[in-house]
Each structure stands twice: as C-alpha cells, then as structure tokens.
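Numbered from 1 within each chain, the chains take letters A, B, ... in sequence-line order.
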Number of protein chains: 2
Amino acid sequence: MSRSQRWSTPAADALRVDPGFRLADIDTRSTPGYDGDKDDGKADLDAGREPLEDLQERLFAESVAGTATGSVLLVLQAMDTAGKGGIVRHVVGAVDPQGVELASFKKPTAEELAHDFLWRIEKRLPNTGHIGVFDRSHYEDVLIGRVRSLAPADEIDRRYGAVVAFEAQAAEMGIRVVKVMLHISKDEQRERLAKRLERPDKHWKYNPSDVDERELWDDYMDAYQVAIERTSTPVAPWHVVPADRKWYARLAVQQLLIDALVDIDPQWPAADYDVEVERRRLAES
Amino acid sequence: MSRSQRWSTPAADALRVDPGFRLADIDTRSTPGYDGDKDDGKADLDAGREPLEDLQERLFAESVAGTATGSVLLVLQAMDTAGKGGIVRHVVGAVDPQGVELASFKKPTAEELAHDFLWRIEKRLPNTGHIGVFDRSHYEDVLIGRVRSLAPADEIDRRYGAVVAFEAQAAEMGIRVVKVMLHISKDEQRERLAKRLERPDKHWKYNPSDVDERELWDDYMDAYQVAIERTSTPVAPWHVVPADRKWYARLAVQQLLIDALVDIDPQWPAADYDVEVERRRLAES
C-alpha cells in the first residue's frame, strides 16, 4: 500500500538478520533493498508520513474504542552518534504524540540496579494501541554490560535467554517487537563527533567519554554480534540498518514501523451507538 | 524575535484574563491580538515551528548538561471537540518528542480517587528542561467535579486554594505554568460533533455522553468562570483562547509556548571539557 517502487526488497526482508549473519560483513554505507539516492530517499520519507500517520491513528482509535489488540515496540540500539535521536525526531515525530510512548534508558539508578535488569524495562512496555519506542534498552545490559564487565560473565550469559523469554512474552501480549541496530562505521563516528566539537551549539552533545568508548569499538562490535545472534527470534527479529547515510536509516525504520502496523491491520472502530438516533439527539441539543 | 508582524498585541497579553473578565463576553470566533486571516495564520504557524524547535532544543541541551533551571507546563482545558488534540499534534508535535512529557488525564481510577485530587497530577509535573503538556488536568476536579457534584461543595471550594498553592509551588521550582482554555461556542461544538457522526472514520471520536454534557453547557461555563477567576495568578495565569477558528487557536498557543521559552531564555551549554584537547584525542582515536 505504501511502499515506494524504489524498494526492490521490502525493508524488513532486506534488513532482518539471518542465521549466520556477520556484523563485520555489513557495509555501513549501503542501502539494502532500496535503489534510490538521497533525494529519492527524502521524498519517500515525506511520502511515508501519511500512511504511517493513518495507521497510527487507526491503532489509537482502536485503543480508545477498546478494540485494540496490538501495539508496536521499536527498540533502538546504536553506538553514539549513529542517529537514534534523528529517528525519534524525523520518523516517530511525524505521528500524533498522543499515540507514542517514548522511553529513554540512561545509566541505571541505584534503585534500578537493585532489581533484575528487566525490572525497569517491563514497566515501559507500550500500552495496547500505542507505539512504544525504546531509546536504548535492556540490550545495554549485554552490550556495555559485557564490554565493561558490569556484571559477572555468567550473569551476562543468563541475560540472553532472559531477553528471549521476555520478548516472547511481550509478543504473546500482542506487541510487535521491532529491534533495530543503527550501524555506523568507526570513521563515520569520528567525523560526526568532530562536527560536534566544531560547533558551540553542538558542544553539549559531546562527552569526552565518547572517545574512551571508541577505544573499545571492536569489543562493542563483538558484543553486538553475540547479542544479535542470541536474541534474534521469529517474534522479535533484529534488523541491522546501515546508518552512515542518515536518510537511508530514517527511511528504512519508517518502513519497518509501517510494516509492523500493516501487520496489526488496525481498523476504524464501528460505532457502538445508533448513528441516526445520535444525529437527532445532537440536532435537538 | 519570532513574532509575526501580524500580532498587533503579543498573544500572552491579548489572551491573559484580567480581573473582572467574563467568559460570556468573549467571542469564540475572534482572533485577539492577531490581524491576519486563515492563510496568514497557517503561514505564521509554519514560520513559528523553527523558533519553537530551536528554543526547545536549547532547553533540552541544558537539561542534558545539567544547567537547566526551568521547564514549561502547558495546561489544556476545554469542552469536547475544542481542539486539544489538534494543539498536541500540530503545535507540540513540531518539537523533538524527547523533550516533551505529555500527560492525558482520564476519569480517575479507584486508586487515584483514594488520594487527594492533586496526587496523580504532581507525579506528572515536567522534569527540568522539558515541556510538559497536560491534556486535561487537575481542573477537571473543579469543572466536571463541580457540575456533576462529584465531591461535596466544601471540598470543591477547598480545591481552588489548593490549586493556587500547588501551582505557586510549581512556579517556585522553575516551571512556567501556561494555562489555556480553548473556548468554543455551543453551536460550533454541535457542528463538530455532527461531522464526527457523518464520517465512519470519525465515529470512534463520538460518544453519546457528549450530548448529555451539552445539556449542562451553561453549568460548565459557570464552572470555568469560577475556576478561572479563582486560580488565575501572576505566576500561573489563565489564557482564554477563542477556538472556533482552529488555525487561530493553534497559532496562539504556539506563541504562548514560544513566549514561555523566551522567558526561560535557555542557552547552549558551554563545553565543560577542553575542545582543543578533545579534537586531538578524537583525531587519534
């Protein structure tokens, strides 16, 4: 219904990881499934706003009417500067804020650390009829958690299985779990960080620890490889989205959201009142 | 900085209620302070997106840097169909979702009813550096609460003072409290409800109880009059926004938000690191 002809393969198919995938083999400047250039991509992103808005409004209408059974959870994971914020702003930002539940997961608090790592996550699962967005997520606990040894190795190891079980349960509840890793190259990150240093209005986005994390780039890539391998399931698949080209990443995630909503297939709720009777009552009021 | 020449009087001044104001005297089709027509208004709404986004991003930057001291709370109250949803979508929806905290207050739950009426409200006050939006609010407890006698008269009476104290405390915390009543006429509401009955894709927005509430229109207007009189204060003033013309209401609320942000005057945070040192570290990383 809503896919540009320039998608030779649906984004979900082009980006979903297969068994045996290797992160290291993915070209971060590529545009899987899409044959257009930057201008095409921007035009298609614009064109995708209306179907996305329409589907989201139908879903929200179902939630108001009490007929909704599904929701969407977009999980965004990435190295710094990969463009999570841009996705939230330019893709998610196009739909009615009333239907969106955005959760940004920062460094866990002392209270959060005193609980299982999924404790703070579970509370933020989207309500039925809504689009939830996780800006970072429970995956931090097997990414930085692994790279920085923030938990014992056997606890990290346990978490992969716990995540799979947790997401399967979410899917059982009707949540379409769409997991996205925005994948940039180490060089692209350097360029983006350098731009933040150039402009005083971007200084706040830079943190010296960003460079410390770069030293561990390969360890992070290993942690992503393992996490994606061990937690990509049919009901909660991972998509690795090459993100050196921001326009492509935004377009691709928009398509993934549209596909998830089309899968839910939300319908305008039927009136649970007599329309003719109400017309008369209203006219007399 | 960001106000169209077509504003002969700043929106805040044109819309803020004065002592002795009478809701019944306000023309719901008027466009106080603004000399343009619908096309002008739409152009000015578009033109206002950029300054609003810029101010919001500065505020958000301050929150990330830990230098923020202020936040904004937009309180939206209105009769049904007056356009709260359109404000959220077209005005608030223009800024980065990461910086917005939207709270929609429905009919209180049993748990909420077991607490003071402000209990559920206080928890949703915006965090420093954010824009909070209340879609309905604690004012329901002196509006429908009064009209439908949901609490004893002396309790309703106590609430006005409690609200004033609560909002004064919020203002002390740096929250710019911007209270807006979107004001439509009873006839305009009938037309808007009729449109919902005409279109199957709008049926979900209609509820037979909407007509029941219309029977109490005058009681609601009285309740608004009293609530606005008793709770409009210098630190948390009420603005009555004529809303029969949607374009005007959206433009006016956008201006009120911009004014509140200009008052906070958020600044790009200065780097708390040595930019030159970081450039070298980054280049070597």
Side-chain angles (χ1 to χ4, degrees), chain A residues 53-54 57-58 60-65 67 84-85 88-89 92-98 100-102 104 133 135 186 189-190 193-194 196-208 210-215 217 268-279 281-285, chain B residues 53-54 57-58 60-65 67 84-85 88-89 92-98 100-102 104 133 135 186 189-190 193-194 196-208 210-215 217 268-279 281-285:
Chain A
E53 273 193 285
D54 177 71
E57 195 186 356
R58 287 168 187 257
F60 186 72
E62 286 189 339
S63 81
V64 171
T67 57
K84 287 188 285 83
V88 169
R89 196 158 174 167
V92 179
V95 308
D96 190 341
Q98 294 177 84
V100 173
E101 295 170 5
L102 174 63
S104 296
V133 180
D135 177 352
K186 194 176 174 189
Q189 191 196 52
R190 184 192 297 109
L193 288 172
R196 294 182 177 179
L197 286 173
E198 273 163 34
R199 294 178 46 179
D201 63 336
K202 301 290 179 196
H203 282 170
W204 65 278
K205 290 191 171 187
Y206 181 91
N207 193 307
D210 296 342
V211 173
D212 304 332
E213 295 301 296
R214 279 175 66 73
E215 308 292 327
W217 188 274
W268 296 119
D272 58 357
Y273 47 83
D274 185 321
V275 175
E276 274 314 313
V277 168
E278 292 304 317
R279 272 196 193 123
R281 286 183 69 221
L282 180 62
E284 285 159 16
S285 76
Chain B
E53 273 192 285
D54 177 70
E57 196 186 356
R58 287 168 187 257
F60 186 72
E62 286 188 339
S63 82
V64 171
T67 58
K84 287 188 284 86
V88 169
R89 197 157 171 166
V92 179
V95 308
D96 191 340
Q98 293 177 85
V100 174
E101 294 171 5
L102 173 64
S104 295
V133 180
D135 177 352
K186 195 176 175 188
Q189 190 196 51
R190 185 192 295 109
L193 287 172
R196 293 182 178 180
L197 286 173
E198 274 163 33
R199 294 177 47 179
D201 63 336
K202 300 290 180 198
H203 283 169
W204 65 278
K205 290 191 170 186
Y206 181 91
N207 194 307
D210 296 341
V211 173
D212 304 333
E213 296 300 297
R214 279 175 66 75
E215 308 292 328
W217 189 272
W268 295 120
D272 58 358
Y273 48 83
D274 184 320
V275 175
E276 275 313 312
V277 168
E278 292 304 317
R279 269 195 195 125
R281 286 184 69 221
L282 180 62
E284 285 159 16
S285 75

For a 4.5 angstrom cut-off between non-hydrogen side-chain atoms, does A:E62 reach A:W268? no
Side chain, backbone, both or neither: which part of B:R214 has an atom under 4.5 Å from a heavy atom of chain A? side chain
For the interface with chain A, which of B:K186, B:K205, B:E57, B:E215 has the highest count of heavy-atom pairs at distances below 4.5 Å? B:E57
Please assess B:V88 against B:K84 for the test side-chain contact (heavy atoms from CB on, under 4.5 Å), listing each intermediate value before the final yes or no. CA-CA 6 Å; B:V88 169; B:K84 287 188 284 86; 5.6 Å; no
Which bit of B:V211 comes within less than 4.5 Å of chain A, counting heavy atoms only: side chain, backbone, both or neither? both
For B:L193 and B:Y206, run side-chain contact (heavy atoms from CB on, under 4.5 Å): C-alpha distance rounded to whole Å, both residues' side-chain angles, the deciding distance at 0.1 Å, then the answer. CA-CA 7 Å; B:L193 287 172; B:Y206 181 91; 4.0 Å; yes
Check: A:Y273 and B:L197 side chains under 4.5 Å, non-hydrogen atoms: yes
Turns out that what part of A:D272 lies under 4.5 Å from chain B's heavy atoms comes down to neither
Approximate separation, where rounding is to 0.5 Å, of B:E213 CD and A:S285 OG: 12.0 Å
Answer with side chain, backbone, both or neither: which region of B:L282 has an atom nearer than 4.5 Å to a non-hydrogen atom of chain A? both
Determine the option with the most heavy-atom pairs under 4.5 angstrom with chain B, choosing from A:D201, A:L102, A:V275, A:D135. A:D201
With a 4.5 angstrom heavy-atom cut-off, is it the side chain or the backbone of A:V64 that approaches chain B, or both, or neither? side chain
Tell me, for A:P200 versus chain B, whether the close heavy atoms (under 4.5 Å) come from the side chain, the backbone, both or neither. backbone
For chain B, the option from A:Q189, A:R279, A:R89, A:K202 that forms the most heavy-atom pairs under 4.5 Å: A:R89
All salt bridge (charged side-chain N to carboxylate O under 4.0 Å, His left out) counterparts of A:E101, not counting sequence neighbours: none
Which bit of A:W204 comes within less than 4.5 Å of chain B, counting heavy atoms only: side chain, backbone, both or neither? both
So which of B:P269, B:P208, B:G93 has the biggest tally of heavy-atom pairs under 4.5 Å with chain A? B:P208
Given side-chain contact (heavy atoms from CB on, under 4.5 Å), test B:R190 with B:D210 step by step and report yes or no. CA-CA 10 Å; B:R190 185 192 295 109; B:D210 296 341; over 6 Å; no
If the condition is side-chain contact (heavy atoms from CB on, under 4.5 Å), which residues does B:A94 pass it with, not counting sequence neighbours? B:R49
